[in-house]
Amino acid sequence: MVPSMKNTPVSKKRAPVASFPKSLLAWFATAARPMPWRETRDPYRIWLSEVMLQQTQVATVIPYYERFLTKFPTVEKLAAAHQDDVLKLWAGLGYYSRARNLHRGAQMIVERFGGKMPRSPDTIREIPGIGDYTAGAILSIAFDLPEALVDGNVARVLSRLKMLEGDWRTGEGKRTVWDVARVAVAEVHAARLNPGDYNQALMELGSTVCTPRSPSCSQCPVAAFCAATKNDVQDDYPKLKAKSVSPEWKLRAWIVRDKNKILFAQRGQDGLFGGMWELPTERLEPKTSSSPKPIARVTHVLSHRVLHVEAIEINQPDWRKRFPKNADLTCWSGDYTQFKWLNMDDAQSGSIALPAVQAKILALCAEKTPLFD
DNA sequence: AAAACGGGGCC
DNA sequence: GGCCCAGTTTT
């Protein structure tokens with residue numbers, strides 16, 4: 001026994017050893033960035049934020065989040081909305097199945113759960129668009145339940161902390177990182193700390209300190225617990241497998257003119273841009289020649305595909321010759337469900353839900369042909 | 001287990 | 001130009 005301990009009464013507790021969760025939470029209390037969804041405990045708002053944040057950065061989400069809640073402040077309002085109006089507010093955010101699922105989910109919550117978000121992991125997982133991550137996020141953040149969560153940030157932090165070897169996105173590596181996360185959140189709960197704050201702190205650390213490239217280990221509040229830092233191999237984690245290359249598609253968007261009106265079409269629910277509106281667009285064979293000459297071209301990169309889009313103007317009679325009925329034009333995944341004539345201003349001012357690539361090509365056309373107004 | 005699913009920010 | 005982002009669903 002060390003001399004200084006000699007007179008310490010047995011009953012008196014030792015000063016608590018700084019634990020990983022305590023160090024992390026102490027840091028989070030001072031370093032948490034303000035975010036709109038951190039001002040509320042409303043499960044609906046937490047849910048909305050988590051869905052918008054799927055594969056999407058915080059800064060991108062904030063304006064969409066505010067606009068969405070102005071229009072749909074409660075789950076009941078969202079459940080009662082038309083899908084078109086939901087998609088309009090999602091236009092430009094991407095991954096549009098998120099919006100369709102959110103809308104269906106709101107209806108499920110109202111009709112089946114009496115307007116209240118379920119508090120059980122198994123039940124909440126039945127809501128469309130709520131997977132393992134989002135279930136853990138809502139349950140821990142809105143309800144203080146000790147549920148784990150793993151997103152890209154958490155996976156990176158835990159991978160470095162424990163030098164996890166597998167790719168956390170698939171197979172064994174995924175199971176491992178989730179196991180680590182669950183064990184940790186159980187310890188957090190046992191220590192009477194808040195699981196929601198802990199989960200958010202882990203994500204905050206990942207996005208501001210334990211970043212993908214050049215992490216700030218010297219400023220990390222939990223560097224003392226980190227195996228990768230100890231071995232100076234933080235840049236080697238997480239270990240990820242390479243992604244496959246994206247195929248390139250050539251698309252032709254028709255600008256069908258009738259005086260100052262342009263023809264728009266709505267895609268079916270399934271597949272890319274499901275439920276969204278666009279200029280009638282065909283997929284072409286890679287070597288197809290363009291005639292007449294396109295008035296605009298854009299290249300647009302998706303996560304899994306590169307789109308080369310050309311816009312070709314055509315008058316009503318020529319359009320009818322090519323496609324006797326509008327329905328004769330089919331987009332690459334199923335048929336269009338609806339057509340509508342709009343002037344350029346209406347189309348560009350949010351009266352229909354346009355994906356970013358379509359908004360981009362429309363803006364180029366408006367710029368190049370002064371006839372539109 | 002792998003592929004489909006958007007778009008933008010950052011190096 | 002490639003990587004990554006508070007992932008989920010379908011195949």
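Predicted, not measured: the structure shown is a model, and the values here were computed from it. Proteins get letters first, then strands, A, B, ... in listed order; numbering begins at 1 in each.
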Colleague: Please encode protein proximity along nucleotides 4-11 of chain C as a string of B, S and -, counting only heavy-atom distances under 4.0 Å.
Modeller: SBBBSS--
Colleague: Tell me which one of Leu139(A), Ile109(A), Thr134(A) satisfies side chain to side chain contact (heavy atoms under 4.5 Å, CB included) with Ile124(A).
Modeller: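 With Ile124(A) as partner, Leu139(A), Ile109(A), Thr134(A) yield a single side chain to side chain contact (heavy atoms under 4.5 Å, CB included), made by Leu139(A).
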Colleague: Where each residue is assigned the nucleotide of DNA chain B containing its nearest heavy atom, which of Glu172(A) and Pro355(A) is assigned the position nearer the 5′ end?
Modeller: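 Closer to the 5' end of DNA chain B: Glu172(A).
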Colleague: Output yes when Glu204(A) and Arg33(A) qualify as a salt bridge under the 4.0 Å nitrogen-oxygen rule, no when they do not.
Modeller: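 Arg33(A) and Glu204(A): salt-bridged.
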Colleague: Using the P atom as the point on both nucleotides, what is the distance between dA3(B) and dC3(C), in whole Å?
Modeller: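 Comparing P positions in dC3(C) and dA3(B) gives a spacing of 16 Å.
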Colleague: When rounded to the nearest 0.5 angstrom, what is the spacing between CE in Met163(A) and SG in Cys226(A)?
Modeller: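 Here the rounded value is 9.0 Å.
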Colleague: Would you find more than 12 non-hydrogen atoms of other residues, nucleotides or ligands less than 6.0 Å from His189(A) atom NE2?
Modeller: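 Counting neighbours around NE2 of His189(A), 12 or fewer heavy atoms of other residues, nucleotides or ligands fall under 6.0 Å, so no.
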Colleague: Pick the P atom in dG8(B) and in dT8(C), then give their distance to the nearest Å.
Modeller: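 The answer is 22 Å between these two P atoms.
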Colleague: With a 4.0 angstrom cut-off to heavy atoms of chain A, pull out the first and last contacting nucleotide of DNA chain B, in 5'-to-3' order.
Modeller: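 From 5' to 3', the first and last contacting nucleotides are dA1(B) to dG9(B).
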Colleague: Should we say atom CG of Asp328(A) is surrounded by more than 12 heavy atoms from elsewhere, each under 6.0 Å from it?
Modeller: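 Counting neighbours around CG of Asp328(A), more than 12 heavy atoms of other residues, nucleotides or ligands fall under 6.0 Å, so yes.
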Colleague: With a 4.0 Å cut-off on heavy atoms, is Gly92(A) in touch with a base, just the backbone sugar-phosphate, or nothing at all?
Modeller: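 Result for Gly92(A) = sugar-phosphate.
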Colleague: How do Gly171(A) and Arg305(A) order along DNA chain B: which one's closest nucleotide is nearer the 5' end?
Modeller: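 It is Gly171(A) whose nearest nucleotide is closer to the 5' end.
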Colleague: Is the charged tip of Arg283(A) near the ring of Trp332(A): under 6.0 Å from the six-membered ring centre and within 45° of its axis?
Modeller: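 No - Arg283(A) does not lie over the ring of Trp332(A) by the 6.0 Å and 45° rule.
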Colleague: Rounding to an integer number of angstrom, what distance separates dA6(C) and dC5(B) when you compare their P atoms?
Modeller: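 Pairwise P distance, dA6(C) against dC5(B), rounds to 23 Å.
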Colleague: Would you call Glu126(A)-Arg112(A) a salt bridge at under 4.0 Å N-O?
Modeller: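 Salt bridge flag = yes for Arg112(A) with Glu126(A).
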Colleague: Measuring centre to centre across the rings, with the benzene-like ring taken for any Trp, is Trp168(A) within less than 6.0 Å of Trp178(A)?
Modeller: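 No, the ring of Trp168(A) stays outside the 6.0 Å limit from the ring of Trp178(A), centre to centre.
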